[in-house]
A.B. asks: 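I'd like to ask you about the structure that follows.
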Amino acid sequence: MSRRPRRSEQETRDLVMRAAVQHVSLHGLRATLDLPMEEVIAAADVPRAAAYRLWTSRERFTSDVLEQLALGQTLPSTLRPDEIDIVVDEVAASTSPQDDARTVLCSLTALAIEREFDLLTDSDAWRAFLALEAAVASLPDPGRRTTLVRRFIEAEAANAARIAEIYRAVGAALELRPNSEQALLDAAHAARILTRGLIGEAIREGVSPAERAALRRRLSTSTSAIFGQTFQPDGDGTAPVDWQQSVLAVFRRSRSTERDLRNTT
């Protein structure tokens with residue numbers, strides 16, 4: 001029998017949290033939010049002793065897993081840099097220098113959302129978060145339920161603010177400005193609600209490929225329309241000649257910020 005490799009505490013934590021997210025994405029959560037700690041540790045293939053040094057009680061383990069599940073919906077961008085490059089290149093190839101800047105914004109949004117949809121519908125973290133939301137709604141303890149719901153609301157507000165900031169920067173790169181700060185924040189909240197609702201529908205058991213494709217299209221067109229109506233020209237209305245590089249720079253900064261957020265959570 002081969003010996004397990006010696007791992008750091010952080011590596012052990014990451015493996016167990018990943019196994020916990022996968023377990024919840026496959027099996028859901030009980031209304032009590034109890035988790036089979038031993039089963040998760042076994043699935044992570046880490047020594048029990050190492051895991052129990054990190055989590056000295058089942059309550060502490062459950063609390064950390066719930067925090068990890070909540071992270072499944074905290075970061076607004078899941079596209080890798082190379083995927084963002086492809087989106088920008090495809091939109092650039094389908095537009096001309098005379099095109100309306102809002103048309104470019106809508107095209108970028110629509111294509112990026114389609115790619116995000118594909119990633120999120122296959123994401124263990126997103127499925128686990130939706131399972132957590134459903135379980136929290138049926139928690140018998142009103143105090144615990146209220147605490148977790150409040151945590152979701154706070155996380156959602158932070159998410160919307162980050163999404164609004166990304167779109168503000170993309171808009172500026174296209175020489176567009178939001179109709180108002182509140183309109184931009186409202187658009188970000190609406191986009192989040194649409195994403196959660198339509199992806200929740202898409203990952204339900206029994207949904208056909210045609211139905212999933214329709215949900216993907218609906219999310220893409222609705223989100224692009226929301227943001228298209230949220231901005232107005234800050235110049236003559238046409239997209240700048242160098243908009244590609246400016247938009248790519250926005251997304252690179254966004255990815256860097258998200259990495260910093262991960263490292264501080």
Side-chain angles (χ1 to χ4, degrees), residues 21-22 25 71-95 99 101-130 156 159-160 162-174 176 184 187-204 207-231 239 243-259 261-262:
V21 167
Q22 188 169 45
S25 73
L71 285 175
Q73 60 99 39
T74 58
L75 297 176
S77 176
T78 55
L79 295 181
R80 299 190 311 268
D82 60 311
E83 293 167 328
I84 292 170
D85 288 348
I86 291 170
V87 167
V88 172
D89 287 346
E90 287 188 16
V91 172
S94 65
T95 57
D99 276 340
R102 279 186 294 193
T103 299
V104 175
L105 176 65
C106 289
S107 297
L108 285 168
T109 301
L111 191 53
I113 290 296
E114 287 179 358
R115 302 294 173 86
E116 292 271 7
F117 181 95
D118 295 337
L119 289 170
L120 290 174
T121 50
D122 291 328
S123 165
D124 284 342
W126 189 263
R127 288 172 183 266
F129 170 72
L130 294 177
E156 190 64 32
N159 289 334
R162 286 202 296 275
I163 292 171
E165 190 57 41
I166 290 171
Y167 273 95
R168 180 188 291 105
V170 171
L174 293 168
L176 296 169
L184 181 57
H189 275 291
R192 290 287 300 175
I193 292 168
L194 272 171
T195 298
R196 288 166 60 178
L198 293 179
I199 290 179
E201 284 291 312
I203 65 176
R204 285 174 58 186
V207 173
S208 69
E211 290 169 330
R212 180 173 290 193
L215 291 166
R216 180 180 189 263
R217 184 176 61 254
R218 199 171 302 152
L219 179 60
S220 172
T221 55
S222 299
T223 306
S224 63
I226 287 171
F227 283 107
Q229 294 170 8
T230 303
F231 285 86
W243 70 262
Q244 291 171 258
Q245 292 306 314
S246 299
V247 168
L248 285 173
V250 168
F251 282 107
R252 290 190 188 105
R253 288 195 299 271
S254 171
R255 295 291 297 193
S256 177
T257 300
E258 289 167 18
R259 282 195 300 272
L261 284 169
R262 285 192 184 98

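FYI, side chains are in, hydrogens and waters are out, and symmetry mates aren't considered; it's all heavy atoms of this structure. Note that the structure is predicted; figures quoted are calculated from it, not measured.
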A.B. asks: Are the side chain of S94 and the backbone of V91 linked by a donor-acceptor contact shorter than 3.5 Å?
C.D. replies: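 Confirmed, S94 side chain pairs with V91 backbone.
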A.B. asks: Enter the distance from S220:OG to L198:CG here, rounded to the nearest 0.5 Å.
C.D. replies: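 One finds 11.0 Å between OG of S220 and CG of L198.
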A.B. asks: Got a second to check how far I226's CD1 is from C106's SG, nearest 0.5 Å?
C.D. replies: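 One gets 11.0 Å once the value is rounded to the nearest 0.5 Å.
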A.B. asks: Just wondering, do E156 and I193 contact through their side chains at under 4.5 Å, heavy atoms?
C.D. replies: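 I193 does not reach E156 side chain to side chain.
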A.B. asks: I'd like to check the ring-ring contact (aromatic ring centres under 6.0 Å, His included) partners of F227; sequence neighbours left out, ordered by chain and number.
C.D. replies: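 Y167.
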A.B. asks: Side chains of V104 and L108: closer than 4.5 Å at any heavy-atom pair?
C.D. replies: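 Yes, side chains in contact.
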A.B. asks: Can you tell me how far CZ of R196 sits from CG of L219, rounded to the nearest 0.5 angstrom?
C.D. replies: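 Between L219 CG and R196 CZ, I get 13.5 Å after rounding to 0.5 Å.
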A.B. asks: Indicate the atoms forming the closest heavy-atom contact of I84 with L248, along with that distance.
C.D. replies: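 Closest approach of I84 to L248, heavy atoms only: CG2-CD2, 4.0 Å.
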A.B. asks: Can R204 and E201 be counted as an ion pair, charged N to O under 4.0 angstrom?
C.D. replies: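 Yes, this pair counts.
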A.B. asks: What distance do D99 atom CG and L105 atom CG have between them, rounded to the nearest 0.5 Å?
C.D. replies: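 The CG atom of L105 is 13.0 Å from CG of D99, to the nearest 0.5 Å.
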A.B. asks: Going from OG1 on T195 to CD1 on I113, what distance comes out if it is rounded to the nearest 0.5 angstrom?
C.D. replies: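 If we round to the nearest 0.5 Å, T195:OG1 and I113:CD1 are 5.0 Å apart.
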A.B. asks: State, to 0.1 Å, how close A164 and L184 come at their nearest heavy-atom pair, and which atoms those are.
C.D. replies: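 A164 and L184 have their closest heavy atoms at O-CD2, 3.4 Å.
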A.B. asks: Specify the closest pair of heavy atoms between T121 and A202, including all atoms of both residues, with the distance to one decimal.
C.D. replies: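 For T121 versus A202, the nearest heavy atoms are CG2-CB, 3.9 Å.
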A.B. asks: So how far is it from L120 CG to I199 CD1, rounded to the nearest 0.5 Å?
C.D. replies: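 Those atoms lie 4.0 Å apart.
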A.B. asks: What side-chain hydrogen bond (donor to acceptor under 3.5 Å, both in side chains) pairs are there with at least one residue in residues 207-219, not counting sequence neighbours?
C.D. replies: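 Those involving residues 207-219 are D118-R216, S208-E211.
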A.B. asks: Report the C-alpha distance between R162 and E165 in whole Å, list the side-chain angles of each, state the deciding distance to 0.1 Å, and finish with yes or no for salt bridge (Lys or Arg N to Asp or Glu O under 4.0 Å).
C.D. replies: CA-CA 5 Å; R162 286 202 296 275; E165 190 57 41; over 6 Å; no
A.B. asks: When you compare the side chain of I166 with that of F251, does any pair of heavy atoms fall below 4.5 Å?
C.D. replies: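 When only atoms from C-beta onward are counted, I166 and F251 do touch, with a gap below 4.5 Å.
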